[in-house]
**Student:** 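To start, I am sharing the structure in question, which I have written as structure tokens.
Proteins get letters first, then strands, A, B, ... in listed order; numbering begins at 1 in each. FYI, side chains are in, hydrogens and waters are out, and symmetry mates aren't considered; it's all heavy atoms of this structure.
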Amino acid sequence: MGANNSEGHKAKNFIYEIIDNDMKTNKWGGRVHTRFPPEPNGYLHIGHAASICLNYGIARDYNGKFNLRFDDTNPEKEETEYVESIIEDVKWLGADFEDRIFYASDYFEQMYNWAVELIKKGKAYVDDLSAEEIREYRGTLTEPGKESPYRSRSIKENLDLFERMRKGEFKNGEKVLRAKIDMSSPNLNLRDPIMYRIVHAEHHRQGNAWCIYPTYDWAHGLEDSIERITHSICTLEFENHRPLYDWFLNELGIYHPQQIEFARINLNYTVMSKRKLLKLVQEKYVDGWDDPRMPTVSGLRRRGYTPEAIRNFTDNSGIAKRDKVSDISLLEFSIRDDLNKKAQRAMAVLKPLKVVIINYPENKIEELDAINNPEDHSMGSRKIPFCKEIYIEQTDFMENPPKGYYRLVPGGEVRLRYAYIIKCEEVIKNDKNEIVELRCSYDPDTKSGTGTSKKKVKGTIHWVSAKHAFEAEVRLYDRLFTVETPDAGKENDFLDFINSNSLEIISNALIEPSLKNSNPGDKFQFERLGYFCVDTKYSTKEKLVFNRTVGLKDSWTKKV
RNA sequence: UGCCCCGUGGUGUAAUUGGCAACACGCCUGACUCUGGAUCAGGAAAGUCUAGGUUCGAGCCCUAGCGGGGCAGCCA
């Protein structure tokens, strides 16, 4: 028997193999229950999205359940704003936790009771050593630690002290509760890890109900246990913590999930740690957590990414145990692939060049048919106005073109998308020798859709009617960093690699009139340019703002 | 000089669990095209970190080495 899940599919990764095996041995009674346990101290990024998709995907594939749980055990870093953004992002990604949204802080009383239990077993003690002393006593990577002089306090005294810790009789850092394990363990996590520290701070949900807070190592397994999680999936850096996770649960003799670690996703040309992202936000390198250049879920959403694209990306990235840096091009592929099928086409000119069609009647206006999406004819078609004066893209005309350029050139012909073939008769320049206008003739027999054209031209370019197009702001984004791995060096070196040209604002792009009433979040493909969406933050009815999600693949500019 | 994890095309993941390395992205050709997009057809690119060993047979197992990552928060 191979690695097949309950639906008979081939195992997607090593975690599915573990679960397949658990199903075979009936380890969990056929049950699968996963969770996503974020700390509400920042916004979610694409790496979290991968974890969400993994955990939710497992629950879905095995007909199990998926919880959203806030690991809110550190009042000093956590905020309600983050809780709200995380809920929004998880829902948006399509990970359905139904009514199972939990908070570790709701378990504090239970955790406290369990701590008392460990004290009674002689497996935990109150330590009076200072933070510095504890560090010294811990030993080093190569030398064992030594036991705290307070390690052998009586159970009675520990019980009393711990209760008084809770009551608030001590100041921050004055005492901690530690597990009594092994000060000489080669795994430093087992050298009497701290379970509770005193923090007199207001918790975003508990207010001032508590002044002692559980540490991650103590709390996490308990949370999983309480929720009867079967597979507790986390990232590689917790691998060394697994023996501790197991130790607590074993000592308590309570329900014991299995912790499984996998390698987090890294993307080149960006940073992924919450700390660094927070720094970019706080020091205004970007315009908030949802800046479209950020690898955050909210940034990607504002950039124009769809949940489907993100899910496909994380699926295609795979799950394994080796450190990885994925190429951003895989992410870009996922959104192009999705939007190609979904996005309505439109014409927009970013850097306009005026074209006058000299043989076109002065006041004539034609309504031309344009297909909304050649990949999906159910999306229908629309009319676009055409008249004597139009604008084309500056880059679609060259006076001295290189070989292989098949757009407009002096004396040359090109098709205007959904309109006519035009020929460049004259180039008008200003006194600075800049091209300011083209005078072209059109061939009435070449109208699109009529089939009357005998001509064939190599190039087709997009355009907008001068009389009908409206002005909009377009924001072009580039990668936030200039090097592939900006965080490879020292802590703050990544700031040295910020790409100062990562945002280009075009304030007067010209857009075809049919888009005038589009709404924030609407997505389009501007033909030949890329995918764009209406910005949800700065766009107004009077002045639409479009974000470029990603450019179209371009095998021409790459050549030259 | 400790402990733990990991080394497969440029990138990421796979290989029926020991049977002559596949998929995706990217890249390059060509076809088609009223988007230099999409689509279609083809191609280059790793002999699996190294050296031994077990075996008829090793990317999968064993040993040693090398390389990368993690661990000395009262962060998670």
Side-chain angles (χ1 to χ4, degrees), chain A residues 2-3 10 12-13 17 37-39 41 71 73-74 76-77 127 129-131 134-136 138-145 172-178 185-191 193-199 212-213 215-217 219-220 234-243 261 263 265 268 274-275 313 316-334 336-337 340-341 345 347 371 374-375 404-407 414-419 421 446 448-449 453 456-462 525-530 551-559:
Chain A
K10 178 110 188 10
K12 287 178 182 160
N13 54 57
E17 286 183 31
E39 182 190 13
N41 67 343
D71 201 7
T73 57
N74 184 353
E76 292 177 313
K77 291 185 175 174
D127 196 350
L129 252 29
S130 69
I134 286 180
R135 191 181 345 110
E136 284 161 24
R138 186 151 35 222
T140 69
L141 293 175
T142 51
E143 306 158 60
N172 285 1
E174 217 176 309
K175 286 185 168 42
V176 289
L177 184 73
R178 304 177 73 176
S185 171
N187 182 343
L188 299 250
N189 295 126
L190 263 22
R191 320 244 261 228
I194 285 156
M195 296 164 64
Y196 279 93
R197 72 279 207 188
I198 296 169
V199 184
I212 56 171
Y213 288 90
T215 55
Y216 170 88
D217 284 318
H220 206 87
C234 61
T235 42
L236 248 30
E237 69 269 29
F238 294 107
E239 218 159 15
N240 292 334
H241 295 243
R242 184 165 11 104
E261 312 83 17
I265 281 188
N268 56 186
K274 274 200 236 177
R275 242 205 79 265
F313 167 73
N316 293 334
S317 294
I319 299 295
K321 291 195 74 167
R322 65 184 107 132
D323 298 307
K324 63 184 163 205
V325 182
S326 290
D327 199 311
I328 192 86
S329 67
L330 186 57
L331 217 210
E332 293 179 343
F333 166 80
S334 73
R336 284 197 192 101
D337 193 46
N340 179 44
K341 291 174 281 192
R345 271 54 171 177
M347 291 206 281
I371 294 165
E375 306 293 318
Y405 183 84
Y406 46 85
R407 279 111 100 150
V414 75
R415 171 169 288 282
L416 295 175
R417 178 80 158 151
Y418 295 125
I421 290 174
T446 59
S448 286
S453 175
K456 247 181 131 59
V457 288
K458 192 76 173 158
T460 298
I461 63 173
H462 60 277
Q525 183 198 96
F526 289 170
E527 296 219 22
R528 301 210 308 133
L529 295 176
L552 250 28
K553 253 181 88 173
D554 183 355
S555 51
W556 166 247
T557 52
K558 209 160 42 190
K559 270 182 194 165

**Student:** For A:E527, check salt bridge (Lys or Arg N to Asp or Glu O under 4.0 Å) against everything at least two apart and list the hits.
**Tutor:**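 Partners of A:E527 under the salt bridge (Lys or Arg N to Asp or Glu O under 4.0 Å) test: A:R417.
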**Student:** Ring-plane angle category for A:W556 and A:Y406, please: parallel below 30°, perpendicular beyond 60°, tilted otherwise.
**Tutor:**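 Geometry flag for A:Y406 against A:W556: tilted rings.
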**Student:** When you measure from the side chain of A:R138 to the backbone of A:G145, do you find a donor-acceptor pair of N or O atoms at a distance under 3.5 Å?
**Tutor:**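 A pair under 3.5 Å: no.
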**Student:** Would you mind calling B:rU17 syn or anti? Take O4'-C1'-N9-C4 for purines or O4'-C1'-N1-C2 for pyrimidines, and syn is within 90° of 0.
**Tutor:**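 B:rU17: syn glycosidic orientation.
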**Student:** Nearest whole Å is fine: how far is B:rG12 C1' from A:K12 NZ?
**Tutor:**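 For the pair A:K12 NZ and B:rG12 C1', the rounded distance is 17 Å.
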**Student:** Taking only the C1' atom of each, what is the distance from B:rA46 to B:rA15 in whole angstrom?
**Tutor:**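 About 14 Å, rounded to a whole number of Å.
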**Student:** Specify the glycosidic conformation (syn or anti) of B:rG73, with syn defined as within 90° of 0.
**Tutor:**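 What B:rG73 shows is a syn base, its glycosidic angle lying within 90° of 0.
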**Student:** Under 4.0 Å, heavy atoms only, any strand: does A:K456 hit a base, just the sugar-phosphate, or nothing?
**Tutor:**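 Here A:K456 touches the backbone only, sparing every base.
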**Student:** Side chain of A:R345 only, please: which of B:rG37, B:rG12, B:rG36 is the nearest?
**Tutor:**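 For the A:R345 side chain, the nearest candidate turns out to be B:rG37.
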**Student:** In chain order, what residues pass the ring-ring contact (aromatic ring centres under 6.0 Å, His included) check against A:H462, with sequence neighbours excluded?
**Tutor:**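 Partners of A:H462 under the ring-ring contact (aromatic ring centres under 6.0 Å, His included) test: none.
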**Student:** Heavy-atom nearest nucleotide on RNA chain B for A:A320 versus A:T446: which residue maps closer to 5'?
**Tutor:**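 The residue whose closest nucleotide sits nearer the 5' end is A:A320.
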**Student:** Run the salt bridge (Lys or Arg N to Asp or Glu O under 4.0 Å) test against A:E136 and tell me which residues pass, sequence neighbours left out.
**Tutor:**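 Checked A:E136 against salt bridge (Lys or Arg N to Asp or Glu O under 4.0 Å); zero matches.
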**Student:** So what does A:G404 touch, heavy atoms closer than 4.0 Å: a base, only the sugar-phosphate, or nothing?
**Tutor:**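 Base contact - A:G404 has a heavy atom under 4.0 Å of at least one base atom.
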**Student:** Do A:E239 and A:K321 meet the salt-bridge criterion of a basic N to acidic O distance under 4.0 Å?
**Tutor:**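 Salt bridge flag = yes for A:E239 with A:K321.
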**Student:** Give one of base, sugar-phosphate or nothing for A:Y213, where a contact means two heavy atoms less than 4.0 Å apart.
**Tutor:**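 No contact at all - A:Y213 keeps every heavy atom at 4.0 Å or more from the nucleic acid.
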**Student:** Respond yes when some side-chain nitrogen or oxygen of A:R242 is under 4.0 Å from OP1 or OP2 of B:rC5, and no when none is.
**Tutor:**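 Checking A:R242 against B:rC5: no side-chain N or O falls below 4.0 Å of OP1 or OP2.
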**Student:** Work out how far the C1' atom of B:rG43 is from that of B:rG7, and round it to whole angstrom.
**Tutor:**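 Straight-line distance between the two C1' atoms is 29 Å.
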**Student:** What N/O pairs connect the protein and nucleotides 23-26 of chain B at under 3.5 Å? Give each pair on its own line.
**Tutor:**
residue : atom : partner : partner atom : Å
B:rC25  : O2'  : A:S329  : OG           : 3.2

**Student:** Identify, with sequence neighbours excluded, every residue that meets side-chain hydrogen bond (donor to acceptor under 3.5 Å, both in side chains) alongside A:N240.
**Tutor:**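 For A:N240 there are no side-chain hydrogen bond (donor to acceptor under 3.5 Å, both in side chains) partners, ignoring immediate neighbours.
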**Student:** Among residues at least two apart in sequence or on other chains, which ones pass salt bridge (Lys or Arg N to Asp or Glu O under 4.0 Å) with A:R242?
**Tutor:**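 Applying salt bridge (Lys or Arg N to Asp or Glu O under 4.0 Å) to A:R242 gives A:E261.
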**Student:** Could you check how far NZ of A:K324 sits from P of B:rU8, rounded to whole Å?
**Tutor:**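 To the nearest whole Å, that distance equals 13 Å.
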**Student:** Determine the Euclidean distance between corresponding C1' atoms of B:rA76 and B:rC71; express it in Å to zero decimal places.
**Tutor:**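 It comes out at 14 Å once rounded to the nearest Å.
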**Student:** Can you find a donor-acceptor N/O pair under 3.5 angstrom joining the side chain of A:Q525 to the base of B:rU35?
**Tutor:**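 Between B:rU35 and A:Q525, which were checked side chain against base, a qualifying N/O pair under 3.5 Å is present.
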**Student:** Give me the distance, rounded to whole Å, that separates B:rA51 from B:rG9 when you measure between the P atoms they each carry.
**Tutor:**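 To the nearest whole Å, 16 Å.
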**Student:** Using atom C1' in both nucleotides, what's the gap between B:rC23 and B:rA58 to the nearest angstrom?
**Tutor:**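 My reading of the C1' atoms in B:rC23 and B:rA58 gives 23 Å.
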**Student:** If I take atom CD1 in residue A:I328 and atom C1' in nucleotide B:rU11, what distance separates them, rounded to the nearest angstrom?
**Tutor:**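 Nearest whole value for this atom pair: 12 Å.
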**Student:** For RNA chain B, report each stem as range with range, ordered by first number, or say none. Use Watson-Crick or G-U wobble pairs under 3.5 Å, at least 3 in a row.
**Tutor:**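 Detected stem regions: B:2-7 with B:66-71, B:10-13 with B:22-25, B:27-31 with B:39-43, B:49-53 with B:61-65.
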**Student:** Mind calculating the distance between NZ (A:K341) and P (B:rG37) to the nearest angstrom?
**Tutor:**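 Roughly 18 Å, once rounded to whole Å.
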**Student:** If you measure from the C1' atom in B:rU8 to the same atom in B:rA14, how many Å do you get, rounded?
**Tutor:**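 Approximately 10 Å lies between the C1' atom of B:rU8 and that of B:rA14.
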**Student:** Please work out whether B:rG57 sits syn or anti, treating a glycosidic angle within 90° of 0 as syn.
**Tutor:**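 Anti conformation for B:rG57.
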**Student:** Who pairs with A:R407 by salt bridge (Lys or Arg N to Asp or Glu O under 4.0 Å), at least two apart in sequence or on another chain?
**Tutor:**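 In terms of salt bridge (Lys or Arg N to Asp or Glu O under 4.0 Å), with neighbours along the sequence ignored, A:R407 is linked to A:D396.
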**Student:** Using a heavy-atom cut-off of 4.0 Å across all strands, would you classify A:Y405 as base, sugar-phosphate, or nothing?
**Tutor:**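 Result for A:Y405 = base.
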**Student:** Base, backbone or nothing for each nucleotide of nucleotides 68-76 of chain B, written B, S, -, heavy atoms under 4.0 angstrom, 5' to 3'?
**Tutor:** -SBBBSBSB
**Student:** Using the test side-chain hydrogen bond (donor to acceptor under 3.5 Å, both in side chains), find all partners of A:K77 that sit at least two apart in sequence or belong to another chain.
**Tutor:**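 With neighbours one apart ignored, the set is empty.
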**Student:** Distance between the P atoms of B:rC40 and B:rA24, in whole angstroms?
**Tutor:**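 Taking atom P in both B:rC40 and B:rA24, they lie 11 Å apart.
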**Student:** Between A:Y406 (OH) and B:rU35 (P), how many Å, whole number?
**Tutor:**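 After rounding, the gap between these two atoms is 10 Å.
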**Student:** Taking A:T73 for the side chain and A:T215 for the main chain, is one N or O donor matched with an acceptor at less than 3.5 Å?
**Tutor:**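 No; judged by distance alone, with no hydrogens or angles, the pair does not exist.
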**Student:** Return the set of residues passing ring-ring contact (aromatic ring centres under 6.0 Å, His included) with A:F333 (not counting sequence neighbours), or none when no residue passes.
**Tutor:**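 A:F333 satisfies ring-ring contact (aromatic ring centres under 6.0 Å, His included) with no other residue.
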**Student:** When the P atoms of B:rG2 and B:rA44 are compared, how many Å lie between them, rounded to an integer?
**Tutor:**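 47 Å, rounded to whole Å.
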**Student:** Go through the structure and list residues passing ring-ring contact (aromatic ring centres under 6.0 Å, His included) with A:F526, not counting sequence neighbours.
**Tutor:**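 Listed in chain order: A:F532, A:F546.
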**Student:** Taking atom types as they are modelled, is there a donor-acceptor pair under 3.5 Å from the base of B:rU8 to the side chain of A:R322?
**Tutor:**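 It does, because a donor-acceptor pair links the side chain of A:R322 to the base of B:rU8 below 3.5 Å.
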**Student:** For the pair made of NZ in A:K321 and P in B:rA14, what is the distance, rounded to whole Å?
**Tutor:**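 Nearest whole value for this atom pair: 13 Å.
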**Student:** To the nearest Å, give me how far apart CZ (A:R528) and C1' (B:rG37) are.
**Tutor:**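 Distance, rounded to whole Å: 10 Å.
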**Student:** Under 4.0 Å between any heavy atoms, over every strand shown, what does A:G459 touch: base, sugar-phosphate, or nothing? Just pick one.
**Tutor:**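 No contact.
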**Student:** Between A:V457 and A:I319, which is nearer to the 5' end of RNA chain B once each is assigned its nearest nucleotide?
**Tutor:**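 The 5'-side residue here is A:I319.
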**Student:** Would you kindly give the CG-to-P distance between A:N340 and B:rG36, to the nearest whole Å?
**Tutor:**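 Going from CG in A:N340 over to P in B:rG36 covers 14 Å.
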**Student:** Is a side-chain N or O of A:R336 found less than 3.5 angstrom from the main chain of A:N340, in a donor-acceptor match?
**Tutor:**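 Judged by distance alone, no pair lies under 3.5 Å.
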